[in-house]
Amino acid sequence: MTSEKPTMSGQTMIEFKDVHKYYGDYHALRGITATIKAGEFFSLLGPSGCGKTTLLRTIAGFEGISSGVVMIDGKDMVSVPANVRPTNMVFQSYAIFPHLTVEQNVGFGLRKDPRSKAEKAAAVAEALEMVGLKGYGARAAHALSGGQRQRVALARALILKPKVLLLDEPLSALDKKMREQMQMELIKLQRQVGITFILVTHDQEEALVMSDRIAVMFEGEIAQLADPETLYRRPNSRKVADFIGTMNFLPAEILSEIDGKVEVEAKGFGRLTLDAEQVSVAPGSSSASIGFRPETLTILFDGQTATDRESRAEVVEVVYYGDMTYYDIKLEGTTEPMRLSMRNVFGRPVLDIGTQTRVAWSPGALVLFR
Ligand SMILES: Nc1ncnc2c1ncn2[C@@H]1O[C@H](COP(=O)(O)OP(=O)(O)O)[C@@H](O)[C@H]1O
Ligand SMILES: [Mg+2]
């Protein structure tokens with residue numbers, strides 16, 4: 001997942017240097033520093049109101065910044081107006097013209113293009129094919145489904161061959177099935193065209209599925225910028241861990257610290273030693289806790305043995321999902337239930353509430369927050 005795609009050159013496409021943005025007194029962007037590489041599928045992820053759209057709009061030039069620098073392809077954008085920036089935006093509300101045909105919508109941006117009619121028509125046809133709308137050119141835009149409208153919006157942005165495509169929650173109005181299908185198509189499309197895509201989303205699953213790298217934002221700041229696997233496995237704070245998927249937290253006591261290795265004691269797990277890279281230090285935090293994902297604990301069924309560590313637990317809640325079962329368990333000696341997930345295997349029972357069981361876990365899959 002972390003290997004670079006052929007379309008990624010490793011060159012910097014966007015650079016933010018200590019970007020601040022005030023709306024009146026409101027401090028919407030609080031010192032954003034980050035680089036986005038050429039050919040990258042990059043996501044801005046965070047809860048509503050954290051500043052994702054604002055940051056995206058500073059790239060497009062729809063929003064001026066209060067201080068700092070935004071560079072695109074090596075150029076400071078401070079005095080470059082939106083309409084001449086090498087960017088194009090696809091909005092959440094498709095913003096297509098319902099009274100025009102699909103072709104007319106896609107070709108809209110080519111109005112002032114000096115190319116011949118035939119050349120423009122060929123460009124429109126190419127863009128439509130790219131987004132899977134070949135043969136739809138003559139249709140009235142108002143007669144399209146939500147997914148098709150979003151494709152038209154994409155084609156209209158791509159036909160201008162921007163260096164950077166900005167996507168502000170483009171799929172959030174679609175139902176789950178359609179959204180998942182469009183996610184896959186967007187990934188393919190991005191690989192095919194090789195343009196830098198910057199996606200705004202509040203949906204952590206969407207960001208994990210689609211992105212080469214993700215900036216997780218809270219309250220106008222980037223909390224962590226990393227590839228999906230690192231964000232999931234090694235979140236740098238409890239806040240990031242909580243926002244991305246489910247993470248259990250078990251209170252822990254730090255016993256010793258030698259050469260970066262930390263020895264901790266946690267009720268339910270006992271004593272264990274963690275490597276420096278498993279430790280996330282949050283400024284100002286007072287108590288330590290061990291974090292682990294639901295799938296890092298495995299129920300041991302009769303006769304199974306653990307290759308690693310083992311704990312006793314009681315099942316207190318069971319939620320059956322067909323392919324998976326989610327259990328809430330209480331580790332021996334603890335009071336807070338922890339979430340555990342198991343892939344269902346044919347012939348293996350789903351445990352009942354109240355079952356006493358054993359669970360296996362590996363210290364390497366844990367994170368210490370302190
Ligand atoms: N034009 C504006 N004037 C005043 N406040 C704004 C304006 N645009 C956004 N904000 C505020 O800035 C914060 C970030 O907004 P936004 O970037 O739209 O968040 P997100 O896209 O992450 O949901 C919000 O609190 C929002 O109310
Ligand atoms: Mg937004």
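Every number for a ligand or one of its atoms is a count from 1 in the order of the listing. No hydrogens, no waters, no symmetry mates; every other heavy atom, side chains included, goes into these values.
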Subject >> Test item: side-chain donor near acceptor, E15 and T12, under 3.5 Å >> reply: no

Subject >> Sidechain N-carboxylate O distance under 4.0 Å for D328, R339 >> reply: yes

Original post:
With a 4.0 Å cut-off, would you call E185 and R151 a salt bridge?
Top reply: yes

Original post:
Hey, which atoms in ligand 1 end up nearer than 4.0 Å to a heavy atom of Y26?
Top reply: 12 (O), 13 (C), 25 (O)

**OP:** Please report which non-hydrogen protein atom sits nearest to atom 16 (P) of ligand 1, along with the residue it belongs to and the distance in Å to one decimal place.
**Re:** T54 OG1, 3.6 Å

**OP:** Examine C50 against ligand 1 and note whether any of their N/O atoms are separated by less than 3.5 Å.
**Re:** yes

**OP:** May I have all residue pairs that pass salt bridge (charged side-chain N to carboxylate O under 4.0 Å, His left out) and include part of residues 41-59, sequence neighbours excluded?
**Re:** R57-E63

Subject >> Closer than 4.0 Å: a protein non-hydrogen atom to atom 27 (O) of ligand 1 >> reply: no

**OP:** Say whether V70 and Y23 are linked into one hydrophobic cluster, either directly or through other cluster members, by side-chain heavy-atom distances under 4.5 angstrom.
**Re:** no

Subject >> Nearest-contact summary for atom 18 (O) of ligand 1 - protein heavy atom, Å >> reply: T53 CB, 3.7 Å

**OP:** Answer yes or no: is there an ion pair linking E277 with K261, defined by an N-O contact shorter than 4.0 Å?
**Re:** no

Original post:
Of the protein's non-hydrogen atoms, which lies at the shortest distance from atom 10 (N) of ligand 1, and what is that distance?
Top reply: Y23 CE1, 3.3 Å

Original post:
Does a side-chain N-to-carboxylate-O contact under 4.0 Å join K239 and E219?
Top reply: yes

Original post:
Near the Mg ion (ligand 2), meaning under 2.8 Å, how many protein N/O/S atoms are there?
Top reply: 1

Subject >> Salt-bridge contact D113-K120 (side-chain N to carboxylate O under 4.0 Å) >> reply: no

Subject >> G49 touching ligand 1 at heavy-atom level, < 4.0 angstrom >> reply: yes

**OP:** For the residue pair I159 and M130, establish whether any side-chain heavy-atom pair is separated by less than 4.5 Å.
**Re:** no

